[in-house]
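In each ligand, atom 1 is the first atom listed, and ligand 1 is the first ligand listed. Predicted model only: the values in this text are computed from it and were never measured.
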Amino acid sequence: MRNLIALVSALQVAGAASISPEIEPRAQQQSGDACTTLSQVIQSHAVKGKDLLVEGQLVHDCLTALPFKSQLTGQFLTELRKYVQFQSTLEALKAPPKSYLSPAIDILGGLDTIAKTTYQSQYDFDMALTSLFNSANDGHLDFQLCSIRPTLLFFRDPSYQMVSVSVDGLAAPALYLWNDASLITSKTVKVSPVTTINGKKATDYLNDVASRITSQDPDARWNQLFPSYAALASSGSPAYAYGKFTTSVVWPGTNSTVVGFANGTTLAIDTVTIMPAAIISGGNFPQNAEDLFENICVPSSATTANNQKKRSLPSWKFPDNYDDETQEKQTQLPTSGPHYNQMNGYYLDAQTAVMFIPSFNGEGQPDDQDGKFADVATKLVSDAVKSGRKRIIIDVSGNGGGNINRGFDLFRLFFPNGFPYSATKFRRTDATNAIDTIFASLTQQEASNDPWGWKGQVRPDQKTRVSSLDDFLGSGALELGVPVSSLFANFDFAAFSSKDSPVRGFGAVPLSDGMCASTCTTFVNLMTNVGGVRTVAFGGRPSTGPMQIMGGVRGSQSYEIDDIYAKVSQADAMLHQKPSLLSSDMTAKWQASRPINSSAFPLVLGSGSVNFRNAYQQGDDSTPLQFAYQAADCRLFYTFDNYAKPATQWQAAADAVWGGKGCVQGSTGAQGSRAYAAAHPNQSGGSGSGSDGDSKKKNGANNNREYAYGGLGAAMLILAITWSL
Ligand SMILES: *[C@@H]1O[C@H](CO)[C@@H](O)[C@H](O)[C@H]1NC(C)=O
Ligand SMILES: *[C@@H]1O[C@H](CO)[C@@H](O)[C@H](O)[C@H]1NC(C)=O
Ligand SMILES: *[C@@H]1O[C@H](CO)[C@@H](O)[C@H](O)[C@H]1NC(C)=O
Ligand SMILES: *[C@@H]1O[C@H](CO)[C@@H](O)[C@H](O)[C@H]1NC(C)=O
């Protein structure tokens with residue numbers, strides 16, 4: 001277990017709470033189930049305030065010992081399905097267009113199959129559901145089920161992190177252990193690449209692990225298998241920085257991973273689990289699987305109904321986000337970037353500034369934070385201009401999205417006259433029809449903050465207002481099999497406030513790792529397709545050819561189920577006041593389709609979200625961007641230095657774009673790139689024209705926050721935006 005010491009120090013370096021240096025031994029076999037054994041290990045070794053390292057197998061055995069209560073899971077699925085219906089892409093996912101690079105998946109059919117299956121444990125049920133949702137490869141579709149907690153992570157011993165490295169950024173990469181990778185160009189030491197994992201071809205094994213990562217682009221998924229400082233910056237959690245080969249929220253499927261090298265030797269990597277200090281405080285862990293189930297899966301309202309039971313429960317609780325706050329504080333980025341380190345500036349050389357934006361996420365931040373984000377961006381750019389720099393690289397590596405107005409506003413910073421085109425549609429269902437019909441009675445002002453009441457909506461031109469409920473809901477048309485609303489803007493800019501800070505005489509080249517998702521893709525989409533900015537993608541699967549820049553979810557609105565429920569509740573209250581708002585037929589449909597409060601679910605549902613709205617490109621009103629393909633203008637593979645010293649990526653991007661060093665073979669001129677658009681002027685979906693807009697931003701409530709997130713660890717696309725005038 002020597003290597004686990006390295007794990008400990010790696011975690012400490014990365015800023016995690018300190019953990020015990022040795023994996024904890026199991027006690028002698030005793031009565032009880034696997035959770036009893038786990039509980040005993042915890043009881044005898046827990047030290048207050050310290051994380052505990054235990055065998056992964058032991059934790060897995062305990063989780064799979066949780067009971068399976070089919071009556072609860074059956075009711076749970078019935079209620080969950082009502083929220084899933086708000087996902088915009090259900091039908092399109094069943095038969096996606098050719099431009100979509102991921103497998104087709106039938107989410108509703110999958111729910112039916114799960115409902116008919118008898119599982120051994122709650123964990124097996126939760127794993128089946130998670131696997132189904134993950135196969136939509138959409139970071140906006142996410143439900144936190146009771147036995148799968150992001151705070152309880154499985155690790156393949158991180159002292160053996162793997163990377164996919166190229167010797168020079170152009171040659172196809174090979175897989176190496178991190179320490180070996182640092183030596184691939186060494187003349188004296190000979191290191192061997194990883195060729196097999198658990199008896200399979202290593203790339204096949206890794207592609208299989210990657211297939212469950214929630215990014216739509218396979219190259220973006222591949223990048224997320226490996227360590228990334230950008231992911232550390234965006235998630236604030238060292239665990240996510242290791243990459244998803246090493247770190248997993250779900251059981252990785254094996255207690256030992258045997259890695260085979262080209263030279264014929266093998267290495268076994270153990271699966272371990274870190275029990276966070278916060279969830280084992282005082283060693284007080286439930287003593288058997290039934291108690292654990294009561295703790296993490298039975299809603300507290302159900303336990304309070306039974307006082308006897310409540311008293312016999314251990315006081316132990318499973319926090320959902322033990323690490324967010326503490327780790328955010330502990331994680332220090334290379335420079336002390338102001339304001340949550342979300343907008344960071346560097347000078348690469350005398351000509352080139354770098355803007356590193358690991359996230360657009362403003363959740364949990366003060367209300368004026370969007371404005372501060374914009375102010376810092378403005379200062380960064382104006383300082384760069386004053387210092388005589390003419391180029392900027394915008395690095396959105398690891399950026400999983402966030403507040404959508406930050407994306408629009410930042411675009412306007414660079415292109416004050418560029419029109420921030422946005423076009424969305426949602427999936428029509430009995431529930432959305434009912435809410436929209438009820439909300440038709442809201443005024444324009446009341447309806448302007450949500451995508452519901454038609455009076456608050458404008459068309460993508462930001463001038464034409466939606467004129468009626470029918471006009472809003474569309475003609476009942478299907479698009480890729482999806483019944484959709486008509487096309488309307490993300491929001492009415494005039495009703496939305498944000499700071500507008502034009503900068504002139506400045507060009508840019510953005511840079512990305514494919515992990516750009518959600519609001520990040522909105523921003524990049526505008527920069528590239530309206531602004532005409534060049535892009536460089538980094539990494540991807542080990543074969544040459546083009547790579548997409550926006551590998552994460554490209555839907556335009558992630559909707560939390562609790563926020564959906566707030567609207568459901570509001571609609572109910574309005575309907576209660578005035579039952580005539582819905583016909584009796586619609587009322588019946590509403591009652592059958594309206595979701596319940598997540599706190600009333602028969603099993604604990606930690607949180608959840610769906611992609612509520614699709615986004616569209618100017619000139620193509622019928623291909624949701626989630627299913628569209630847009631290659632970067634240039635692709636580079638990661639060298640070891642790029643992993644170890646991320647700033648070297650900026651130099652590599654600058655060298656490729658301005659230094660004539662070139663791009664990966666076959667990676668330029670592919671569909672969606674600027675060169676392709678120039679050669680195919682009549683095809684939509686490429687570069688847009690960037691017309692002048694008239695979006696006047698007025699002062700107004702800045703509480704209007706619309707979120708679009710990708711899953712963290714979406715593709716590691718270093719979005720290398722480079723622009724020059
Ligand atoms: C084979 O390669 C691995 C990885 O570089 C190295 O750790 C190991 O020592 C090598 N084995 C032999 C026998 O050369
Ligand atoms: C590891 O997994 C293998 C295969 O499932 C199993 O046979 C073995 O008992 C496990 N090891 C431990 C320590 O549980
Ligand atoms: C949902 O339930 C929770 C817990 O009972 C409650 O705090 C919340 O207000 C409810 N939501 C709405 C919109 O009623
Ligand atoms: C492209 O569109 C223009 C204007 O609609 C038309 O005149 C031209 O023939 C088209 N070119 C091709 C190659 O289709």
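On a distance-only criterion, N255 and ligand 2 share at least one N/O pair closer than 3.5 Å. Distances between N or O atoms of S599 and those of ligand 3 include at least one value under 3.5 Å.
Contacts of ligand 1 (protein heavy-atom distance under 4.0 Å) are D180, V191, S192, F261, N263, T265.
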Under 3.5 Å, side-chain donor or acceptor atoms of residues 174-184 against the rest of the protein: list the pairs with distances, not counting sequence neighbours.
| residue | atom | partner | partner atom | Å |
| --- | --- | --- | --- | --- |
| S182 | OG | N179 | O | 2.6 |

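In this structure, a donor-acceptor pair under 3.5 Å is absent between the side chains of N288 and T36. A donor-acceptor pair shorter than 3.5 Å can be found between the side chains of T648 and N642.
Atom CD of E446 is surrounded by more than 12 heavy atoms from other residues, nucleotides or ligands within 6.0 Å. Within 6.0 Å of CD on Q75 lie more than 12 heavy atoms contributed by other residues, nucleotides or ligands.
For ligand 3, the atoms sitting less than 4.0 Å from at least one non-hydrogen atom of Y565 are 11 (N), 12 (C), 13 (C), 14 (O), numbered in the order shown with element in parentheses. Ligand-side atoms of ligand 2 in range of Q57: 1 (C), 2 (O), 10 (C), 12 (C), 14 (O), range being under 4.0 angstrom from any heavy atom.
Counting only distance, with no hydrogens or angles, the side chain of D157 and the backbone of S159 share a donor-acceptor pair below 3.5 Å.
Checked for salt-bridge contact, D450 and K567 meet the test: a charged N lies under 4.0 Å from a carboxylate O.
Of the residues D572, D430, N433, the one that meets the side chain to side chain donor-acceptor pair (under 3.5 Å) test with W590 is D572.
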